[in-house]
K.L.:
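First the structure, which I've put down as C-alpha coordinates, then a few questions once you've had a look.
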Amino acid sequence: MPDFNIKDIQNLKFRIYIIEKIFLGGVVFIVLCFYFDWNISIGYIAILLAILQILKWRFKKQLKQKEYVAKIVEERTIQLRIQRDQVMKESEKLSSTLEALAKAQDELVRQERMATVGQLTKGLVDRILNPLNYINNLPACRSTCSKRWNKS
(Lines give C-alpha, C1' and ligand atoms only; values in the text may rest on other atoms or scores of the structure.)
Protein backbone atom coordinates (compact mmCIF):
# COMPACT_ATOMS: atom_id res chain seq x y z
CA MET A 1 0.00 0.00 0.00
CA PRO A 2 1.23 3.49 -0.73
CA ASP A 3 2.25 5.55 2.29
CA PHE A 4 -0.42 8.22 1.85
CA ASN A 5 -3.20 5.60 2.01
CA ILE A 6 -1.71 3.99 5.10
CA LYS A 7 -1.52 7.36 6.87
CA ASP A 8 -5.08 8.25 5.86
CA ILE A 9 -6.38 4.88 6.99
CA GLN A 10 -4.53 5.07 10.30
CA ASN A 11 -5.79 8.61 10.81
CA LEU A 12 -9.41 7.55 10.21
CA LYS A 13 -9.05 4.58 12.56
CA PHE A 14 -7.66 6.88 15.24
CA ARG A 15 -10.56 9.33 14.76
CA ILE A 16 -13.09 6.49 15.07
CA TYR A 17 -11.34 5.28 18.22
CA ILE A 18 -11.46 8.78 19.75
CA ILE A 19 -15.15 9.20 18.84
CA GLU A 20 -15.97 5.84 20.44
CA LYS A 21 -14.21 6.87 23.65
CA ILE A 22 -15.96 10.27 23.71
CA PHE A 23 -19.29 8.53 23.03
CA LEU A 24 -18.68 6.17 25.94
CA GLY A 25 -17.86 9.15 28.16
CA GLY A 26 -21.06 10.85 26.98
CA VAL A 27 -23.15 7.79 27.88
CA VAL A 28 -21.55 7.73 31.33
CA PHE A 29 -22.29 11.45 31.69
CA ILE A 30 -25.95 10.90 30.74
CA VAL A 31 -26.20 8.18 33.40
CA LEU A 32 -24.71 10.61 35.91
CA CYS A 33 -27.19 13.30 34.79
CA PHE A 34 -30.08 10.93 35.52
CA TYR A 35 -28.57 10.03 38.88
CA PHE A 36 -28.00 13.66 39.93
CA ASP A 37 -31.15 14.92 38.20
CA TRP A 38 -29.48 17.34 35.75
CA ASN A 39 -32.26 17.36 33.15
CA ILE A 40 -31.01 20.34 31.12
CA SER A 41 -27.66 18.71 30.33
CA ILE A 42 -29.19 15.45 29.09
CA GLY A 43 -30.59 17.07 25.91
CA TYR A 44 -27.29 18.71 25.03
CA ILE A 45 -25.36 15.51 25.62
CA ALA A 46 -27.89 13.50 23.56
CA ILE A 47 -27.46 15.92 20.64
CA LEU A 48 -23.68 15.69 21.02
CA LEU A 49 -23.86 11.88 21.04
CA ALA A 50 -26.04 11.91 17.90
CA ILE A 51 -23.51 14.18 16.15
CA LEU A 52 -20.68 11.87 17.26
CA GLN A 53 -22.56 8.86 15.83
CA ILE A 54 -23.00 10.66 12.50
CA LEU A 55 -19.29 11.53 12.43
CA LYS A 56 -18.40 7.96 13.33
CA TRP A 57 -20.61 6.66 10.53
CA ARG A 58 -18.99 9.06 8.00
CA PHE A 59 -15.49 8.13 9.12
CA LYS A 60 -16.27 4.42 8.89
CA LYS A 61 -17.66 4.93 5.37
CA GLN A 62 -14.50 6.84 4.36
CA LEU A 63 -12.35 4.16 5.97
CA LYS A 64 -14.14 1.42 4.06
CA GLN A 65 -13.71 3.33 0.77
CA LYS A 66 -10.03 4.03 1.39
CA GLU A 67 -9.33 0.40 2.32
CA TYR A 68 -11.12 -0.73 -0.84
CA VAL A 69 -9.11 1.68 -3.00
CA ALA A 70 -5.88 0.68 -1.25
CA LYS A 71 -6.66 -2.98 -1.92
CA ILE A 72 -7.31 -2.30 -5.61
CA VAL A 73 -4.13 -0.23 -5.88
CA GLU A 74 -2.10 -2.99 -4.21
CA GLU A 75 -3.53 -5.67 -6.53
CA ARG A 76 -2.84 -3.52 -9.58
CA THR A 77 0.67 -2.79 -8.36
CA ILE A 78 1.33 -6.51 -8.03
CA GLN A 79 0.02 -7.07 -11.57
CA LEU A 80 2.21 -4.28 -12.91
CA ARG A 81 5.27 -5.71 -11.17
CA ILE A 82 4.58 -9.11 -12.69
CA GLN A 83 4.19 -7.53 -16.12
CA ARG A 84 7.39 -5.52 -15.61
CA ASP A 85 9.27 -8.70 -14.73
CA GLN A 86 7.92 -10.40 -17.85
CA VAL A 87 8.95 -7.45 -19.99
CA MET A 88 12.43 -7.49 -18.44
CA LYS A 89 12.78 -11.21 -19.21
CA GLU A 90 11.64 -10.66 -22.79
CA SER A 91 14.04 -7.72 -23.08
CA GLU A 92 16.95 -9.85 -21.88
CA LYS A 93 15.91 -12.59 -24.29
CA LEU A 94 15.75 -10.14 -27.20
CA SER A 95 19.07 -8.63 -26.17
CA SER A 96 20.79 -12.02 -26.23
CA THR A 97 19.15 -12.81 -29.58
CA LEU A 98 20.36 -9.48 -30.95
CA GLU A 99 23.90 -10.22 -29.76
CA ALA A 100 23.78 -13.64 -31.43
CA LEU A 101 22.51 -12.02 -34.61
CA ALA A 102 25.33 -9.45 -34.53
CA LYS A 103 27.89 -12.25 -34.08
CA ALA A 104 26.37 -14.21 -36.98
CA GLN A 105 26.39 -11.06 -39.13
CA ASP A 106 30.06 -10.40 -38.29
CA GLU A 107 30.91 -14.00 -39.15
CA LEU A 108 29.02 -13.72 -42.45
CA VAL A 109 30.86 -10.49 -43.33
CA ARG A 110 34.18 -12.15 -42.49
CA GLN A 111 33.35 -15.14 -44.68
CA GLU A 112 32.36 -12.82 -47.54
CA ARG A 113 35.66 -10.99 -47.22
CA MET A 114 37.55 -14.26 -47.23
CA ALA A 115 35.63 -15.42 -50.31
CA THR A 116 36.38 -12.13 -52.06
CA VAL A 117 40.06 -12.36 -51.16
CA GLY A 118 40.07 -15.95 -52.44
CA GLN A 119 38.50 -14.92 -55.75
CA LEU A 120 40.96 -12.05 -56.15
CA THR A 121 43.85 -14.37 -55.36
CA LYS A 122 42.59 -16.93 -57.88
CA GLY A 123 42.26 -14.23 -60.51
CA LEU A 124 45.77 -12.95 -59.81
CA VAL A 125 47.23 -16.44 -59.90
CA ASP A 126 45.45 -17.13 -63.22
CA ARG A 127 46.75 -13.85 -64.63
CA ILE A 128 50.28 -14.65 -63.54
CA LEU A 129 50.23 -18.33 -64.55
CA ASN A 130 48.60 -17.81 -67.94
CA PRO A 131 51.55 -15.86 -69.44
CA LEU A 132 53.99 -18.18 -67.69
CA ASN A 133 52.27 -21.19 -69.23
CA TYR A 134 52.40 -19.46 -72.58
CA ILE A 135 56.11 -18.79 -72.13
CA ASN A 136 56.77 -22.32 -70.91
CA ASN A 137 54.88 -23.80 -73.84
CA LEU A 138 56.53 -21.42 -76.29
CA PRO A 139 59.48 -23.71 -77.24
CA ALA A 140 57.09 -26.55 -78.09
CA CYS A 141 54.97 -24.13 -80.04
CA ARG A 142 58.04 -22.81 -81.91
CA SER A 143 58.98 -26.20 -83.15
CA THR A 144 55.42 -26.89 -84.23
CA CYS A 145 54.98 -23.45 -85.64
CA SER A 146 58.35 -23.51 -87.48
CA LYS A 147 57.39 -26.74 -89.15
CA ARG A 148 54.19 -25.18 -90.33
CA TRP A 149 56.01 -22.12 -91.61
CA ASN A 150 58.63 -24.19 -93.33
CA LYS A 151 56.02 -26.24 -95.16
CA SER A 152 54.54 -23.27 -96.78
Side-chain angles (χ1 to χ4, degrees), residues 1-138 140-141:
M1 268 188 237
D3 286 340
F4 68 91
N5 281 341
I6 291 174
K7 290 178 183 176
D8 289 346
I9 289 171
Q10 289 174 346
N11 190 13
L12 284 173
K13 286 181 179 179
F14 180 72
R15 287 179 183 180
I16 291 170
Y17 173 78
I18 294 297
I19 288 173
E20 287 174 347
K21 296 302 176 186
I22 292 172
F23 185 81
L24 183 61
V27 170
V28 169
F29 189 73
I30 286 179
V31 170
L32 289 175
C33 285
F34 277 122
Y35 183 74
F36 291 112
D37 199 25
W38 296 335
N39 294 333
I40 298 175
S41 302
I42 294 175
Y44 294 126
I45 299 298
I47 292 172
L48 178 66
L49 292 179
I51 292 171
L52 286 175
Q53 280 300 101
I54 292 171
L55 281 174
K56 181 180 170 184
W57 174 77
R58 282 190 63 217
F59 289 154
K60 280 190 175 186
K61 185 177 177 181
Q62 288 177 356
L63 178 65
K64 187 176 180 181
Q65 289 173 344
K66 288 189 183 283
E67 285 177 340
Y68 177 73
V69 169
K71 180 182 174 187
I72 290 174
V73 167
E74 186 175 352
E75 289 173 358
R76 185 64 182 141
T77 302
I78 290 170
Q79 290 174 351
L80 289 174
R81 285 182 181 151
I82 290 170
Q83 289 176 354
R84 183 198 61 200
D85 292 343
Q86 289 173 347
V87 167
M88 293 295 283
K89 286 179 185 177
E90 287 294 321
S91 176
E92 290 173 3
K93 196 177 188 183
L94 288 173
S95 177
S96 65
T97 304
L98 186 62
E99 288 176 10
L101 181 63
K103 287 180 183 178
Q105 186 179 13
D106 289 344
E107 182 64 24
L108 190 61
V109 167
R110 190 185 67 77
Q111 288 176 356
E112 277 294 319
R113 285 181 184 158
M114 293 301 287
T116 303
V117 168
Q119 288 176 351
L120 286 172
T121 305
K122 180 184 173 200
L124 286 174
V125 168
D126 285 344
R127 295 276 180 162
I128 292 171
L129 289 181
N130 194 17
L132 288 178
N133 283 336
Y134 181 74
I135 292 171
N136 284 338
N137 292 331
L138 188 62
C141 182

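Predicted model, so just to flag it, every value in this text is computed and none were measured. Atom set for the values below is all heavy atoms of this structure, side chains included, hydrogens, waters and symmetry mates excluded. When a residue number appears, it is its place in the shown sequence, counting from 1.
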K.L.:
Go through the structure and list residues passing side-chain contact (heavy atoms from CB on, under 4.5 Å) with Leu49, not counting sequence neighbours.
P.N.:
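Result, side-chain contact (heavy atoms from CB on, under 4.5 Å) vs Leu49: Phe23, Val27, Ile30, Ile45, Leu52.
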K.L.:
Please table the atom pairs, donor to acceptor, closer than 3.5 Å between any side-chain atom in residues 99-109 and protein atoms at least two apart or in another chain.
P.N.:
unit_1, atom_1, unit_2, atom_2, d
Glu107, OE2, Arg110, NH2, 2.7
Glu107, OE2, Gln111, NE2, 3.3

K.L.:
Determine all donor-acceptor pairs shorter than 3.5 Å in which one atom belongs to a side chain in residues 10-21; sequence neighbours excluded.
P.N.:
unit_1, atom_1, unit_2, atom_2, d
Glu20, OE2, Lys56, NZ, 3.4

K.L.:
Applying ring-ring contact (aromatic ring centres under 6.0 Å, His included), can you list everything that pairs with Phe36, at least two apart in sequence or on another chain?
P.N.:
Trp38
K.L.:
Could you check if a side-chain atom of Lys61 sits within less than 4.5 angstrom of a side-chain atom of Gln65, using non-hydrogen atoms only?
P.N.:
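Yes, their side chains come closer than 4.5 Å.
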K.L.:
Just distance, no hydrogens or angles: give the donor-acceptor pairs under 3.5 Å from side chains in residues 75-95, sequence neighbours left out.
P.N.:
unit_1, atom_1, unit_2, atom_2, d
Arg76, NH1, Gln79, OE1, 3.1
Thr77, OG1, Val73, O, 2.7

K.L.:
side-chain contact (heavy atoms from CB on, under 4.5 Å) with Thr116: which residues, sequence neighbours excluded?
P.N.:
Leu120
